[in-house]
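What follows is a single structure, written as structure tokens, with notes after it.
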Amino acid sequence: MARVALVTGGTRGIGAAISKAMKAAGYKVAASYAGNDAAAEKFKAESGIPVYKWDVASFDACAAGVKQVEADLGPVDVLVNNAGITKDTAFHKMTLEQWNAVINTNLGSLFNMTRQVIEGMRARKFGRVISISSINGQKGQFGQVNYSAAKAGDIGFTKALALENAKGGITVNVICPGYINTEMVQAVPKDVLEKNVIPQIPVNRLGEPEEIARAVVFLAADEAGFITGSTLTVNGGQYHA
Ligand SMILES: NC(=O)c1ccc[n+]([C@@H]2O[C@H](COP(=O)([O-])OP(=O)(O)OC[C@H]3O[C@@H](n4cnc5c(N)ncnc54)[C@H](OP(=O)(O)O)[C@@H]3O)[C@@H](O)[C@H]2O)c1
């Protein structure tokens with residue numbers, strides 16, 4: 001029986017690449033998204049992967065969403081916590097709304113989503129929880145106190161949850177991408193990318209979403225059962241924590 005993988009924010013950017021790579025690797029995949037229906041419908045038509053709309057910052061919405069996915073596809077074996085947002089500004093100008101939105105979407109979501117599936121994984125003695133953090137959660141970034149705090153929190157969440165579930169066949173790992181060629185990074189002005197970002201990357205280019213997807217497929221495999229609580233850096237050599 002094919003295992004079931006749920007990818008949050010799985011309809012665009014890195015998440016879309018993860019969804020497609022997991023499908024190609026033989027998983028039954030569900031991709032969730034927040035509100036961009038046009039992008040989700042286009043993704044679904046292209047990939048044949050079912051899409052589900054809910055807000056990962058809401059615990060109740062996650063409960064209902066996971067219930068629907070499980071009714072359609074079966075119990076979730078692999079959860080990929082990929083959905084994320086930025087709301088960048090210097091901390092001395094940051095509003096409570098900007099803080100809360102980023103913390104709740106990038107860190108609160110790991111509780112909201114993982115809590116829905118962990119009991120089933122424990123009962124079945126198999127599970128993979130893979131979360132997408134960021135290089136900026138490892139090293140900090142100007143204008144991203146909210147984002148860096150949330151992404152660093154993803155790493156602590158992973159280490160602790162891995163310990164609690166290590167004996168039960170469940171692995172919990174986190175991937176820290178560097179700068180990846182998605183809409184999130186394309187929003188950075190081209191001259192800033194060329195002058196300030198790419199020169200910082202030893203490999204001398206942005207990463208591609210498929211390069212993060214490959215790491216997810218690797219960690220999801222049955223053969224990756226001895227890898228848990230680890231932080232996998234995929235950043236072109238830019239930073240090593
Ligand atoms: N791009 C990079 O260079 C980079 C680097 C390091 C880490 N990351 C991390 O990688 C992950 C994916 O980034 P990306 O660049 O691929 O982002 P993206 O292109 O902006 O796509 C984000 C995806 O997440 C969904 N999403 C956002 N907020 C959500 C919410 N509240 N509830 C449910 N879904 C939500 C979006 O849904 P809609 O389509 O409906 O908006 C979309 O599917 C994020 O966690 C990001 O922080 C990215």
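All values derive from a computational prediction rather than experimental measurement. Start at 1 and go down the list; that is how both ligands and their atoms are numbered.
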Exercise. Please name the residue in the list S109, C62, S32, S131 that meets the side-chain contact (heavy atoms from CB on, under 4.5 Å) test with T8.
Key: S32

Practice problem: Report the part of Y33 in contact with ligand 1, treating N, CA, C, O as backbone and CB onward as side chain, heavy atoms under 4.0 Å; options are side chain, backbone, both, neither. | Solution: both

Quiz item: Under a heavy-atom criterion of less than 4.0 Å, does C176 contact ligand 1?
Solution: no

Quiz item: Can you name the closest pair of heavy atoms from I130 and V216 and give their distance?
Solution: CD1-O, 3.7 Å

Quiz item: Can you check whether G15 has an N/O within less than 3.5 Å of an N/O in ligand 1?
Solution: no

Exercise. Run the salt-bridge test on D77 and R128 with the 4.0 Å N-O cut-off and return the result as yes or no.
Key: no

Practice problem: Group every Ile, Leu, Val, Met, Phe, Trp and Tyr by side-chain heavy-atom contacts under 4.5 Å, then state whether V29 and V217 land in the same group. | Solution: yes

Quiz item: How far is atom 33 (C) of ligand 1 from its nearest protein heavy atom, and which residue and atom is that?
Solution: W54 O, 3.2 Å

Quiz item: Of G84, S109, P209, A187, which has the heavy atom at the shortest distance from atom 22 (C) of ligand 1?
Solution: G84

Quiz item: Heavy atoms only: which of A39, S19, G13 is nearest to atom 19 (O) of ligand 1?
Solution: G13

Self-check item: Identity and distance of the protein heavy atom lying nearest atom 14 (P) of ligand 1
Solution: T182 OG1, 3.9 Å

Quiz item: With atoms numbered from 1 as shown, which atoms in ligand 1 lie under 4.0 angstrom from a non-hydrogen atom of T11?
Solution: 39 (O), 43 (O)

Quiz prompt | Heavy atom of the protein closest to atom 46 (C) of ligand 1 (residue, atom name, distance) | solution = Y147 OH, 3.5 Å

Exercise. Kindly work out whether a path of hydrophobic side-chain contacts (I/L/V/M/F/W/Y, heavy atoms less than 4.5 Å apart) joins Y33 to I132.
Key: yes

Practice problem: Please confirm whether G207 comes under 4.0 Å of ligand 1, counting heavy atoms of the residue only. | Solution: no

Self-check item: Heavy atom of the protein closest to atom 44 (C) of ligand 1 (residue, atom name, distance)
Solution: N82 O, 3.1 Å

Exercise. Below 4.0 angstrom from a heavy atom of Y179, which ligand 1 atoms are there? Numbered from 1 as shown, please.
Key: 3 (O)

Quiz item: Going hydrophobic residue to hydrophobic residue with side-chain gaps under 4.5 angstrom, can you get from I180 over to Y147?
Solution: no

Quiz item: Looking at Y179, is R205 sitting on its ring face, NZ or CZ under 6.0 Å from the six-membered ring centre and within 45 degrees of the normal?
Solution: no

Quiz item: What is the closest protein heavy atom to atom 37 (O) of ligand 1, and at what distance does it sit?
Solution: A34 N, 3.2 Å

Practice problem: Grab the two heavy atoms, one from I103 and one from N146, that are nearest each other, plus how far apart they are. | Solution: CD1-O, 3.7 Å

Self-check item: Per atom 28 (N) of ligand 1, closest listed option by heavy atom (D154, T86, N104, I85)
Solution: I85

Quiz item: Transitively linked via ILVMFWY side-chain contacts under 4.5 Å: V51 with V7?
Solution: yes

Quiz item: Which residue owns the protein heavy atom closest to atom 7 (C) of ligand 1, what's the atom, and how far is it?
Solution: S133 O, 3.1 Å

Exercise. Would you mind checking which non-hydrogen protein atom is closest to atom 5 (C) of ligand 1, with the distance to 0.1 Å?
Key: G178 O, 3.0 Å

Practice problem: Give a yes or no on whether the ring-centroid distance for F111 and F59 is below 6.0 angstrom. | Solution: yes

Exercise. Provide the number and element of each atom of ligand 1 under 4.0 Å from a heavy atom of T105.
Key: 28 (N), 31 (N)

Exercise. Mark up the atoms of ligand 1 that fall under 4.0 Å of a heavy atom belonging to V185, in ascending order.
Key: 1 (N), 2 (C), 3 (O)

Quiz prompt | The one among I175, T8, I180, I14 that brings a heavy atom closest to atom 48 (C) of ligand 1 | solution = I14

Quiz item: Are Y52 and V117 connected in the hydrophobic side-chain network, where two residues link if heavy atoms are under 4.5 Å apart?
Solution: yes

Quiz item: Among I212, I135, V185, N136, whose side-chain contact (heavy atoms from CB on, under 4.5 Å) with P177 holds?
Solution: I212

Exercise. Among all protein heavy atoms, pick out the one at the shortest distance from atom 31 (N) of ligand 1; state its residue, atom name and that distance to 0.1 Å.
Key: D55 OD1, 2.8 Å

Exercise. Find out whether F91 and Q144 are in side-chain contact, i.e. whether some heavy atom of one side chain is under 4.5 Å from a heavy atom of the other.
Key: no

Quiz item: Is the closest heavy-atom distance from K151 to ligand 1 below 4.0 Å?
Solution: yes

Exercise. Taking only heavy atoms of A83 into account, list the atoms of ligand 1 that are under 4.0 Å away from them.
Key: 24 (O), 26 (N), 34 (N), 35 (C), 45 (O)

